[in-house]
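First the structure, in the form of structure tokens, and then the observations on it.
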Protein chains: 2
Amino acid sequence: MANKQIPYKIYLDENEMPKAWYNLRADMKNKPAPLLNPDTLQPMTAEELSGVFCAELARQEVDEDTAYFDIPQEILDFYKMYRPAPLVRAYCLEEKLQTPAKIYYKFEGNNTSGSHKLNSAIAQAYYAKKQGLRGVTTETGAGQWGTALSMACAYLGLDCKVYMVKCSYEQKPFRREVMRTYGASVTPSPSMETQVGRKILAEHPGTTGSLGCAISEAVETAVNTEGYRYVLGSVLNQVMLHQSVIGLEAKAAMDKYGVKPDVIIGCAGGGSNLGGLIAPFMGEKLRGEADYRFIAVEPASCPSLTRGVYAYDYCDTGMVCPLAKMYTLGSGFIPSASHAGGLRYHGMSPILSKLYDDGLMEAVSVKQTEVFEAAERFARVEGILPAPESSHAIKVAMDEALRCKETGEEKTILFGLTGTGYFDMMSYEKFHDGKMSDYIPTDEELAAAVAKLPTI
Amino acid sequence: MANKQIPYKIYLDENEMPKAWYNLRADMKNKPAPLLNPDTLQPMTAEELSGVFCAELARQEVDEDTAYFDIPQEILDFYKMYRPAPLVRAYCLEEKLQTPAKIYYKFEGNNTSGSHKLNSAIAQAYYAKKQGLRGVTTETGAGQWGTALSMACAYLGLDCKVYMVKCSYEQKPFRREVMRTYGASVTPSPSMETQVGRKILAEHPGTTGSLGCAISEAVETAVNTEGYRYVLGSVLNQVMLHQSVIGLEAKAAMDKYGVKPDVIIGCAGGGSNLGGLIAPFMGEKLRGEADYRFIAVEPASCPSLTRGVYAYDYCDTGMVCPLAKMYTLGSGFIPSASHAGGLRYHGMSPILSKLYDDGLMEAVSVKQTEVFEAAERFARVEGILPAPESSHAIKVAMDEALRCKETGEEKTILFGLTGTGYFDMMSYEKFHDGKMSDYIPTDEELAAAVAKLPTI
């Protein structure tokens with residue numbers, strides 16, 4: 001395997017890092033539908049959004065025309081602590097699979113948050129700080145996003161208040177301690193601190209919480225606390241914008257070696273990683289400069305693209321946030337308790353939803369036991385222990401590579417390895433012990449959740 | 001902080017990676033004392049050692065003359081999965097401390113094992129495989145070394161049998177699951193599988209095990225199983241040899257930018273990281289080509305260099321392994337249960353012990369609460385969540401930098417950041433909750449353990 005022209009890991013130089021984020025919407029002829037005000041059902045303006053989000057982030061949220069946003073120097077400096085992230089040529093995996101395909105992955109797990117979430121966390125924290133705010137609030141489930149945000153806030157000296165779904169708070173104390181190490185205040189949700197929390201606790205005294213409830217508590221606290229705003233780690237247009245740094249770096253690294261991917265694969269929950277990874281490639285496709293296949297991979301237990309509907313829906317269970325037009329399973333949909341890891345959001349980024357609806361992107365769903373099989377196989381040959389989320393992309397990339405083995409095609413495959421699984425060992429344990437199930441929602445269950453969609 | 005000439009992270013190109021390990025003993029005029037056969041008290045030959053270790057590793061263990069050992073291509077290929085490791089310029093920490101010192105750290109945690117241990121694990125597994133062996137055995141405490149070895153064995157298709165101290169096996173199930181993901185068999189020690197295990201269980205039915213007992217079980221199994229050998233992650237000369245890749249890379253990266261460290265700092269338990277980091281720099285010092293200060297940092301709760309004696313002692317509690325002349329607290333010494341993380345070995349690498357005894361290296365001990373304070377401070381500005389072990393070096397590097405602030409000296413400080421603390425969050429939790437104590441052994445305790453040293 002020695003002396004290959006393309007190294008195992010391509011690291012850009014720091015001066016080759018992207019200096020601007022790319023706003024894919026600027027190249028979309030068919031724009032994604034706007035967010036709607038839940039009271040008026042009219043498109044939200046930046047001004048309306050700025051009660052919840054920082055002013056600059058609200059502006060980024062609604063801007064469909066500006067193709068590039070300069071990355072502020074302070075954010076670039078922070079990025080340099082863990083970026084450029086490597087683009088890895090998976091020589092060992094290729095050899096193991098005996099495939100003629102060439103496999104690359106963009107690895108975003110080489111930072112303490114363990115995932116790509118940090119790319120947007122630092123941006124959102126920066127604009128909050130710049131606006132003179134005291135702090136931000138957010139929710140977290142398993143804790144990846146909360147960790148990233150606490151790191152960014154520690155760096156900038158900003159308060160960080162995280163509502164962590166109570167069952168995760170109790171069952172995943174390690175993520176909680178990482179957040180505390182970075183100075184964040186972590187509250188199990190539902191809590192007695194908010195009106196919505198007290199209401200839920202009164203109605204369901206023994207509840208272990210849900211992401212929907214944690215969102216509502218975080219938003220309520222942000223809106224009612226002087227000098228605070230709410231921040232979110234996925235779904236939003238602003239998040240896709242910040243995450244474009246993944247795709248821009250991946251493309252720059254491939255261009256440097258004259259490599260062009262045939263197919264680009266990413267896992268998709270709310271869409272933050274996939275949207276970022278594909279952005280510059282999709283831009284070329286939209287402008288007619290190149291063609292690529294794009295594949296979104298989602299869990300069979302939470303299949304918003306492959307089995308959801310394209311409609312306006314609430315972004316949160318509490319129905320206090322704006323409405324978004326997206327592929328959705330209904331805001332009341334909750335994945336089976338047997339589902340491991342993230343990718344459990346009921347909807348999908350409005351940008352990605354539009355691209356998918358326009359036939360510019362494919363989507364597949366995979367079962368979690370086959371995801372963990374792929375994860376373990378990958379770990380043993382490539383070294384990295386992948387997050388369950390990322391392993392959805394690994395599974396489909398391996399399937400593509402094995403298809404190439406059958407057909408003899410020398411396709412170039414690029415996938416996003418969003419993070420590491422160090423805090424997911426309980427799920428790996430279930431898998432090792434044969435206790436992992438593959439529950440897939442029935443048509444009736446999905447129909448019941450979709451039936452409750454708002455009629456707009 | 002923008003546009004600094006020296007980047008935040010210096011990554012060598014893959015073709016700049018060291019092609020040979022450096023054997024510091026070749027440049028030592030005063031050689032470390034040889035290992036002694038516990039039965040004859042005569043120096044162990046490579047042949048004698050090859051009953052326990054692979055033949056090539058036994059040869060490396062006793063070779064005092066060969067300065068460079070070529071790294072086999074297969075190991076170089078494996079190294080490329082996670083090396084070159086970055087040399088980081090700690091701009092953010094410097095700014096936070098407001099110090100004129102220039103701080104660099106060699107970060108070895110960017111791999112799934114989470115530490116530098118992988119550098120020697122792959123080498124030891126490779127020679128075992130090359131010799132046609134079926135598998136290797138080892139012991140592990142917290143699990144860092146066991147994880148590294150299981151990764152290396154998975155890659156090479158070698159069986160890996162790990163005896164994990166029972167209390168760690170039960171209290172740290174996540175490390176165990178990482179090893180299982182890599183296909184290792186993990187047995188809580190003491191076990192009923194070995195003679196020594198059964199004996200200990202009969203005498204102490206409720207025992208939760210110790211590293212010394214796990215070593216004995218691993219050695220017994222290796223010696224009694226066809227096609228198996230025993231491997232060890234620290235202390236040994238062969239391990240220092242493999243770990244020299246840390247220092248060689250660090251020096252190459254510094255040379256590339258014309259930077260020369262004034263002081264080099266590393267944490268020290270058995271010495272694997274420190275020995276590797278300082279090797280090429282110490283070589284220059286020994287040859288009279290350059291001068292550097294070297295500082296070994298050890299826990300005040302297990303102070304083998306600063307409070308131990310330089311004498312022949314057993315390497316294991318069971319007294320079945322060879323004797324080594326080293327700084328030791330006595331093979332019966334067990335650090336207080338309140339001690340968090342690794343660096344809990346009773347002795348110190350014979351090479352480092354000799355250098356220290358000859359006055360070529362300094363040593364200091366630090367208390368664990370101040371170590372965790374430094375760790376948290378570091379994490380918040382540099383992003384990386386450090387392992388408790390590595391944080392010993394962070395603490396002393398920060399002290400040095402703060403001294404420079406007082407004196408105005410622009411010293412260049414290099415320290416080893418050996419790994420990440422993702423699996424140490426229980427210790428961080430104790431620290432956050434104010435439940436961490438700073439137990440330091442009394443003179444009487446130390447004298448009692450030293451009194452039991454063999455008389456040689």
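FYI, side chains are in, hydrogens and waters are out, and symmetry mates aren't considered; it's all heavy atoms of this structure. Here is the naming used below: chain letters follow the sequence lines, and residue numbers restart at 1 for every chain. Fair warning: this is a prediction, and the values are worked out from it, not measured in the lab.
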From CA spacing to verdict: side chain to side chain contact (heavy atoms under 4.5 Å, CB included), Ile394(A), Arg377(A): CA-CA 10 Å; Ile394(A) 293 175; Arg377(A) 201 166 176 189; over 6 Å; no
Arg380(B) and Glu376(B) ion-paired at < 4.0 Å: yes
For chain A, the option from Gly383(B), Ala152(B), Gly183(B) that forms the most heavy-atom pairs under 4.5 Å: Gly383(B)
Nearest heavy atoms of Lys9(B) and Pro84(A), plus distance in Å: NZ-N, 4.2 Å
Contacting region of Thr181(B) [heavy-atom separation from chain A under 4.5 Å]: both
Heavy-atom pair with the smallest gap, counting every atom of Ala401(A) and Leu97(A): CB-CD1, 3.9 Å
Greatest number of heavy atom pairs closer than 4.5 Å to chain B - which of Ala379(A), Gly421(A), Ala154(A): Ala379(A)
Which atoms of Arg175(B) approach chain A - backbone, side chain, both or neither, heavy atom under 4.5 Å: neither
Top of Val178(B), Val88(B), Thr420(B) for chain A proximity - count of heavy-atom pairs under 4.5 angstrom: Val178(B)
Aromatic ring pairing Phe78(B)/Tyr82(B), orientation class (parallel under 30°, perpendicular over 60°, tilted between): perpendicular
For Tyr155(A) against Ile122(A), the heavy-atom pair lying closest together: CD2-CD1, 4.3 Å
Distance, nearest 0.5 Å, that separates CD of Glu373(A) from CE of Met398(A): 9.5 Å
Closest approach of Trp21(A) to Pro72(A) (non-hydrogen atoms, all atoms of both residues): CH2-CD, 4.0 Å
Under 3.5 Å side-chain donor-acceptor pair for Gln124(A) and His242(A): no
Part of Glu429(B) within contact of chain A (heavy atom distance under 4.5 Å): both
Best-contacting candidate, Glu74(A), Arg83(A), Lys96(A), against chain B by heavy atom pairs under 4.5 angstrom: Arg83(A)
Ring geometry between Tyr422(B) and Tyr422(A) (parallel below 30°, tilted from 30 to 60°, perpendicular above 60°): parallel
Any residue of residues 102-119 of chain A which, by heavy atoms, sits under 4.5 Å from chain B: Asn110(A), Asn111(A), Thr112(A)
Winner by heavy-atom pair count (cut-off under 4.5 Å) against chain B, out of Arg176(A), His432(A), Met151(A): His432(A)
Closest-packed option against chain A by number of heavy-atom pairs under 4.5 Å, given Tyr11(B), Tyr428(B), Phe431(B): Tyr11(B)
